[in-house]
Amino acid sequence: MITRYTDRALTEIDLGILWYEEQKRGLGSEFLDCIEAAVKNISKNPKMYQKRYSNFRGCPIRRFPFSIFYTIEDFEIIIHSVFDNRQDPQKRP
């Protein structure tokens with residue numbers, strides 16, 4: 001399946017990388033590595049993660065307080081958000 005990211009998801013990833021890199025050099029890269037590993041798991045078995053609401057599924061990211069919210073469409077997986085779980089849940093996509 002093809003994986004596609006929304007603009008929102010890409011912005012959230014960039015902001016997370018920048019923030020973690022400011023905290024400790026190299027931590028932004030580790031954050032990105034964990035996102036990539038989670039997306040790889042999603043791609044292998046997209047139905048593995050439960051639906052959180054509507055058709056949105058949520059995959060927690062290892063080591064970091066973030067979740068990837070995605071939907072499964074006909075021939076693609078759409079990553080809608082890489083959400084910081086410390087935020088107000090009302091801000092989810």
Side-chain angles (χ1 to χ4, degrees):
M1 272 189 158
I2 296 170
T3 302
R4 185 169 58 86
Y5 293 80
T6 63
D7 290 339
R8 174 184 175 157
L10 293 172
T11 298
E12 291 170 338
I13 291 168
D14 288 343
L15 290 172
I17 291 169
L18 290 172
W19 191 85
Y20 281 114
E21 198 60 33
E22 287 176 1
Q23 306 311 304
K24 180 182 174 191
R25 186 178 192 137
L27 194 56
S29 295
E30 291 178 34
F31 174 67
L32 182 58
D33 290 344
C34 288
I35 290 172
E36 290 173 348
V39 170
K40 187 175 181 179
N41 286 335
I42 291 168
S43 296
K44 285 181 182 178
N45 191 356
K47 293 183 179 179
M48 180 168 81
Y49 299 99
Q50 72 181 34
K51 288 184 181 179
R52 297 282 180 93
Y53 55 94
S54 187
N55 288 328
F56 289 85
R57 294 176 182 270
C59 169
I61 297 174
R62 182 181 58 85
R63 285 191 58 210
F64 295 92
F66 282 76
S67 292
I68 296 174
F69 287 94
Y70 66 97
T71 56
I72 304 167
E73 305 298 330
D74 293 330
F75 300 102
E76 65 184 353
I77 296 166
I78 301 174
I79 308 292
H80 293 276
S81 180
V82 179
F83 187 75
D84 185 341
N85 295 325
R86 298 170 291 183
Q87 292 185 46
D88 180 355
Q90 297 297 323
K91 293 184 179 181
R92 288 188 211 155

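Residue indices begin at 1 and follow the sequence shown. Side-chain atoms are counted along with the backbone in the values below, which use heavy atoms only and exclude waters and symmetry mates.
- Atom-to-atom distance recorded for L18:CG and I13:CD1 is 12.0 Å, nearest 0.5 angstrom.
- The line from CG of L27 to CG of L32 is 11.5 Å long, rounded to the nearest 0.5 Å.
- Every pair passing side-chain hydrogen bond (donor to acceptor under 3.5 Å, both in side chains) that includes a residue from residues 23-45 is listed here, sequence neighbours excluded: T3-S43, E30-R63.
- Hydrophobic cluster membership is shared by I42 and I72, with clusters built from Ile, Leu, Val, Met, Phe, Trp and Tyr side chains linked at under 4.5 angstrom.
- For F64 and F31, the ring centers sit closer than 6.0 Å to each other.
- Minimum interatomic distance between G58 and P60 (heavy atoms only, all atoms of both residues): O-CD, 3.9 Å.
- Rounding to the nearest 0.5 Å places CZ of R57 at 9.0 Å from CD of Q50.
- The two residues Y20 and P65 have their closest heavy-atom pair at OH-CD, 3.3 Å.
- By the 4.5 Å heavy-atom criterion applied to side chains, Y5 and V39 are counted as neighbours.
- Note that the CZ atom of F83 and the CZ atom of R8 stand 7.5 Å from one another [nearest 0.5 Å].
- Here the shortest heavy-atom pairing between I77 and P46 reads CD1-CB, 3.9 Å.
- Taking the side chain as every heavy atom from C-beta outward, E12 and S81 approach each other to under 4.5 Å.
- I17 and L15 are assigned to two separate hydrophobic clusters, defined by single-linkage of ILVMFWY side chains at heavy-atom distances under 4.5 Å.
- Among pairs with a residue in residues 65-74, those fulfilling side-chain hydrogen bond (donor to acceptor under 3.5 Å, both in side chains) read S67-N85, T71-E73, T71-H80, at least two apart in sequence or across chains.
- Cluster annotation: I35 is connected to L10 through the hydrophobic network of ILVMFWY side chains, with a link wherever side-chain heavy atoms come within less than 4.5 Å.
- At least one donor-acceptor pair under 3.5 Å links the side chain of E21 to the backbone N or O of G26.
- Taking hydrophobic clusters as Ile, Leu, Val, Met, Phe, Trp and Tyr residues chained together by side-chain heavy-atom distances below 4.5 Å, M48 shares a cluster with F66.
- For the atom pair I68 CD1 and I61 CD1, the distance stands at 4.0 Å (nearest 0.5 Å).
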